[in-house]
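Accompanying notes for the structure given below.
Below, all heavy atoms of this structure are taken into account, side chains as well, without hydrogens, waters or symmetry copies. Start at 1 with the first residue, then count along the sequence.
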Amino acid sequence: MQFINAEKSEEGTYASMNCSKVKSFLQFSRENDLTHITLLVALVAGTFTWFLIVCSNLLVIYTIAKTPTLQTPSNCTILGLSIADLTVGLLVQPIHLTSIFVTHENDFEHICCISILYGFFGWFIFPISAMHLTLLTMDRFLAIRLHLRYQELITSKRYVCASIVIWIYGFTIGTIYTFKNELLGYILIAFYFSNAIAIYSVSITFWNIRKHSSQIQVQHQNVEETLSIQRLKKSINTMYIIIVALIVSHLPYIFYFVKRQASLDVLENRNGFLIYIITEHILVLNSFVNPIIYFWRIEELRKGAWRVIRVSLGKQ
């Protein structure tokens, strides 16, 4: 997630950056007018995306905080995911826009430090979002598995503790990426293992819901039980949509990242730089797509948001 590649120092860390790669790219930037146009377009689009990310996630967080009925263990996981996405808007995206600006200005003096910060915060925050999504899918899995014991065993306090552990995990990954880059392969394995758990949990939960639904139809159980199953079905479908959005937003950057690792001069040509700008923008855009999915699929959250907005505007 940075314009430059780290060069391993004698101590075995990557804190010492090989800025010759940046110098080479900046030379290319000076000689290519299209690159300057691309940078300006990227700045405008990135600023607009930053505004959408911050506003949408703040609305989710504020709505849950102001609506007691939404303060459930399940929504606690959504709150954690929204906080992670908000952090993308408050930290990752501004640093990304700054890196684009200093590249446009050929500011060789500052781009190395900015790239280090961007790499750290990028690998710090994005795994946190993925892990909170895993926690959200595990919540739905436990809801169907534990059934009546769910409310007894699953509490918001326990999810807050899990969220704290996830943030520590993200900080560790960001630190390892910045100072111990040779461990990056293990980081990616852990990252995609958590995504595999999320997909497995959703699939098993969906299968169990279909099984329970069939049993209810055969046994002609009460309406309340039927409505409960329908709500679980809808929540699982929501999880599928969120997971698909995550995969779609990450795949382009993954392909770019693999290409960059194989060819270190990938940014030293017009097409490589365009791909970099586009894949980074798609990656960050996922932090805006998530709240849109919440408001679209979760009726209580949507109504709560409208209520909060009306109260804020002085309309009862």
Side-chain angles (χ1 to χ4, degrees), residues 1-3 5 42 45-46 49-50 52-53 56-57 77-78 80-93 95-97 99-100 115 118-138 166-167 169-174 176-178 181 183-203 238-263 266-267 272-294:
M1 293 183 177
Q2 56 197 113
F3 288 132
N5 292 282
T49 303
W50 164 81
L52 293 176
I53 290 172
S56 59
N57 284 287
T77 60
I78 291 178
L81 186 54
S82 293
I83 291 174
D85 286 334
L86 176 63
T87 309
V88 171
L90 294 178
L91 289 177
V92 179
Q93 184 70 347
I95 296 174
H96 178 47
L97 293 175
S99 70
I100 294 175
S115 296
Y118 185 52
F120 170 75
F121 282 111
W123 285 92
F124 172 19
I125 302 301
F126 284 112
I128 290 176
S129 296
M131 289 300 293
H132 273 99
L133 177 56
T134 301
L135 185 63
L136 186 56
T137 57
M138 287 299 297
I166 288 173
W167 279 85
Y169 163 80
F171 179 81
T172 303
I173 286 183
I176 290 175
Y177 176 81
T178 305
N181 199 260
L183 298 177
L184 184 59
Y186 298 102
I187 293 174
L188 291 175
I189 290 173
F191 179 73
Y192 291 113
F193 179 72
S194 68
N195 289 338
I197 292 175
I199 295 172
Y200 172 80
S201 299
V202 170
S203 300
T238 302
M239 295 305 99
Y240 272 124
I241 295 171
I242 295 174
I243 290 174
V244 169
L246 177 74
I247 293 173
V248 169
S249 65
H250 281 70
L251 274 181
Y253 182 79
I254 293 170
F255 289 135
Y256 158 77
F257 183 82
V258 172
K259 174 65 176 176
R260 192 186 73 179
Q261 294 299 102
S263 177
V266 68
L267 286 175
F273 181 70
L274 288 173
I275 292 172
Y276 165 77
I277 291 293
I278 293 171
T279 55
E280 287 278 352
H281 191 73
I282 293 173
L283 184 65
V284 171
L285 198 60
N286 180 247
S287 294
F288 167 64
V289 172
N290 282 339
I292 297 301
I293 295 173
Y294 306 151

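When side chains are defined from C-beta on, Ser129 counts as touching Asp85, because their heavy atoms get closer than 4.5 Å. The side-chain heavy atoms of Leu246 and Ile242, taken from C-beta on, include no pair separated by under 4.5 Å. Contact of the Tyr118 side chain with the Val92 side chain is registered, since non-hydrogen atoms from C-beta on lie closer than 4.5 Å. Put simply, the side chain of Phe171 reaches to within 4.5 Å of the side chain of Phe120, judged on heavy atoms.
A search for ring pair (Phe, Tyr, Trp, His ring centres under 6.0 Å) contacts involving Tyr294 returns nothing, not counting sequence neighbours. Taking Leu91 as the reference, Thr87, Phe121 meet the side-chain contact (heavy atoms from CB on, under 4.5 Å) condition, with sequence neighbours excluded. Applying the side chain to side chain donor-acceptor pair (under 3.5 Å) rule to Thr279 yields no partners; only residues at least two apart in sequence or on another chain are considered. The side-chain contact (heavy atoms from CB on, under 4.5 Å) search around Ser249 returns Ile282, Asn286, not counting sequence neighbours. For Thr77, the side-chain contact (heavy atoms from CB on, under 4.5 Å) partners two or more places apart in sequence, or in a different chain, are Leu135, Leu136, Tyr159. For Ile241, the side-chain contact (heavy atoms from CB on, under 4.5 Å) partners at least two apart in sequence or on another chain are Ile293, Trp296, Arg297.
The two atoms that bring Pro127 and Gly122 nearest to each other are CD-O, 3.9 Å, heavy atoms only. Of all heavy-atom pairs spanning Trp123 and Ile173, the tightest one is O-CG2, 3.2 Å. Between Pro252 and Val248, the closest heavy-atom pair is CD-O, 3.0 Å. Between Ile128 and Gly170, the shortest heavy-atom distance links the atoms CG1-CA, 3.8 Å.
Aromatic ring pairs are classed by plane angle as parallel below 30°, tilted from 30° to 60° and perpendicular above 60°; the pair His132 and Trp167 is perpendicular.
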